[in-house]
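Only one structure is covered here, and it is reproduced in the block below.
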Amino acid sequence: MSGDSVADTFEEYAATVESTSSDGTNGDEPRFTEWCRARSEPDWTGATEHRFTEELHAGTLDDAVFRRYLVQDYAFLETLVGTFGHALGDAPSMTAKSRLADFLGTLTDDEDDYFERSFDALEVAAVERTDPMLQPVTRALQDLLERAAREGGYAETLAVLVPAEWIYRSWAGMGTELPDRDYLSEWVTIHDNPAFDEFVAWLRAELDREGAAASQRRQQRLTRLFERTVELEVAFFDAAFEPSGEPENDVPDGD
């Protein structure tokens with residue numbers, strides 16, 4: 001399915017969902033995040049069913065590929081933490097601020113500890129941990145998150161954070177068994193557990209509310225940010241398989 005076949009506006013999408021549920025067989029309310037996800041196809045499927053995630057689940061992912069990926073992901077972590085911090089500052093309630101603060105603690109403590117232990121196991125040199133050569137797609141992701149936070153508000157920040165976290169929750173839950181190598185299995189379980197499930201569900205609900213209340217013009221901006229994030233996540237996985245650190249296809253340009 002292509003995003004081109006999905007309604008151009010959330011209002012049209014919502015009317016379609018409401019129409020299909022009018023017979024009582026579907027009680028779901030139209031969700032802004034579902035519209036964004038549908039609009040992001042086929043990249044959404046490309047990210048959640050990528051060769052990288054499938055080989056990771058199967059335990060067949062080459063250590064060199066995972067090592068390359070992990071170094072870049074750690075370099076991106078600082079930007080991700082900063083973006084969540086920006087969302088915390090813009091959050092409309094103390095409850096939302098508390099949820100975001102809790103997750104920031106996870107990123108800066110538990111997840112940071114995972115990276116250090118995995119780098120040790122994979123024999124990643126100190127300079128690669130602290131000052132790696134950034135791949136073009138890593139820089140593109142950093143720029144996207146920073147611009148969304150700097151130039152937008154709470155909704156724009158959520159529009160890049162939701163797909164980034166939701167994609168990981170989606171692919172992590174697709175496997176039936178964990179890989180043998182500890183650093184692979186732990187990377188799956190970090191993104192496939194009740195606490196993370198609950199957080200991603202809450203994050204989506206925040207964007208559902210903010211997106212539904214936004215003007216049509218702003219809704220279009222939000223879905224473009226969402227789609228761009230998904231597009232870059234595919235390129236990020238692609239790049240891990242290239243020794244040069246660049247995907248076979250160029251990093252897709254933004255709007």
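All residue numbers in this chain count up from 1 along the given sequence. On a predicted model such as this, the values are computed, not experimentally measured, just so you know.
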With rounding to the nearest 0.5 Å, note down the distance linking [atom1] in [X] to [atom2] in [Y].
X	Y	atom1	atom2	answer
Gln135	Arg68	CD	CZ	8.0 Å
Leu232	Leu141	CG	CG	4.5 Å
His57	Trp171	NE2	CH2	5.5 Å
Cys36	Leu158	SG	CG	11.0 Å
Leu184	Leu70	CG	CG	9.5 Å
Phe115	Tyr74	CZ	OH	7.5 Å

Polar side-chain atom of [X] near backbone of [Y] as donor-acceptor pair, under 3.5 Å:
X	Y	value
Glu41	Thr45	yes
His86	Gly82	no
Arg31	Asp208	no

Sequence neighbours excluded, which residues qualify as ring pair (Phe, Tyr, Trp, His ring centres under 6.0 Å) partners of Phe32?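 Once residues adjacent in sequence are excluded, the partners of Phe32 under the ring pair (Phe, Tyr, Trp, His ring centres under 6.0 Å) criterion are Phe10, Trp35.
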For the student: nearest non-hydrogen atoms of [X] and [Y], plus distance:
X	Y	answer
Ala47	Glu233	CB-CB, 4.5 Å
Asp192	Ala172	OD2-O, 3.5 Å
Ile190	Glu111	CG2-OE1, 3.9 Å
Ala87	Leu161	CB-CD1, 4.1 Å
Leu222	Gly211	CD1-CA, 4.0 Å
Pro179	Ser185	O-CB, 3.4 Å

Heavy atoms from other residues, nucleotides or ligands near CE of Met133 exceed 12 (cutoff 6.0 Å): no
Using a 6.0 Å cut-off, check whether atom CD of Glu116 has over 12 heavy atoms from anything other than its own residue. yes
Are Glu227 and Thr223 linked by a side-chain donor-acceptor pair shorter than 3.5 Å? yes
What pairs with [X] under side chain to side chain donor-acceptor pair (under 3.5 Å), at least two apart in sequence or on another chain?
X	value
Glu210	none
Glu206	Tyr154, Arg209
Asp73	none
Arg218	Glu156

Worked verdict on Trp166 versus Thr33 for side-chain contact (heavy atoms from CB on, under 4.5 Å): CA-CA 10 Å; Trp166 189 10; Thr33 53; 3.9 Å; yes
Single-linkage hydrophobic cluster Tyr168~Met174, side-chain heavy atoms < 4.5 angstrom: no
Common cluster, Leu77/Leu134, ILVMFWY with side-chain heavy-atom separation under 4.5 Å: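 No: no chain of side-chain contacts under 4.5 Å links Leu77 to Leu134.
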Any carboxylate oxygen within less than 4.0 angstrom of a Lys/Arg side-chain nitrogen, looking at Glu165 and Arg204?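 No, no charged N to carboxylate O under 4.0 Å.
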List the residues meeting side chain to side chain contact (heavy atoms under 4.5 Å, CB included) with [X], not counting sequence neighbours, and say none if there are none.
X	answer
His50	Phe52, Thr53, Val234, Phe237, Asp238, Phe241
Ser93	Thr95, Ala96
Leu104	Val81, Phe84, Leu88
Arg147	Asp143, Leu144, Arg150, Glu151

Could you tabulate the donor-acceptor pairs under 3.5 Å formed by side-chain atoms of residues 118-125, not counting sequence neighbours?
residue	atom	partner	partner atom	Å
Ser118	OG	Tyr114	O	3.0
Asp120	OD1	Arg129	NH1	3.1
Asp120	OD1	Arg129	NH2	2.8

Do [X] and [Y] touch side chain to side chain, with heavy atoms closer than 4.5 Å?
X	Y	result
Phe103	Leu107	yes
Gln220	Thr9	yes
Val200	Phe196	yes
Gln219	Glu11	no

Report the C-alpha separation of Leu100 and Trp202 in whole Å, then their side-chain angles, then the decisive distance to 0.1 Å, and conclude whether the side-chain contact (heavy atoms from CB on, under 4.5 Å) test is met. CA-CA 10 Å; Leu100 291 164; Trp202 174 82; 3.9 Å; yes
Run through Thr79, Leu225, Thr157 and flag the one making a side-chain contact (heavy atoms from CB on, under 4.5 Å) with Leu145.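 Between Leu145 and the candidates, side-chain contact (heavy atoms from CB on, under 4.5 Å) is satisfied uniquely by Thr79.
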Apply salt bridge (Lys or Arg N to Asp or Glu O under 4.0 Å) to the pair Glu54 and Arg51, showing each step before the final yes or no. CA-CA 5 Å; Glu54 291 182 346; Arg51 173 190 171 191; over 6 Å; no
Pair listing, salt bridge (charged side-chain N to carboxylate O under 4.0 Å, His left out) test, anchored in residues 170-183, at least two apart: Asp63-Arg181
Can you tell me which residue pairs pass the ring pair (Phe, Tyr, Trp, His ring centres under 6.0 Å) test with a partner in residues 128-147, sequence neighbours excluded?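 Matches after skipping sequence neighbours: none remain.
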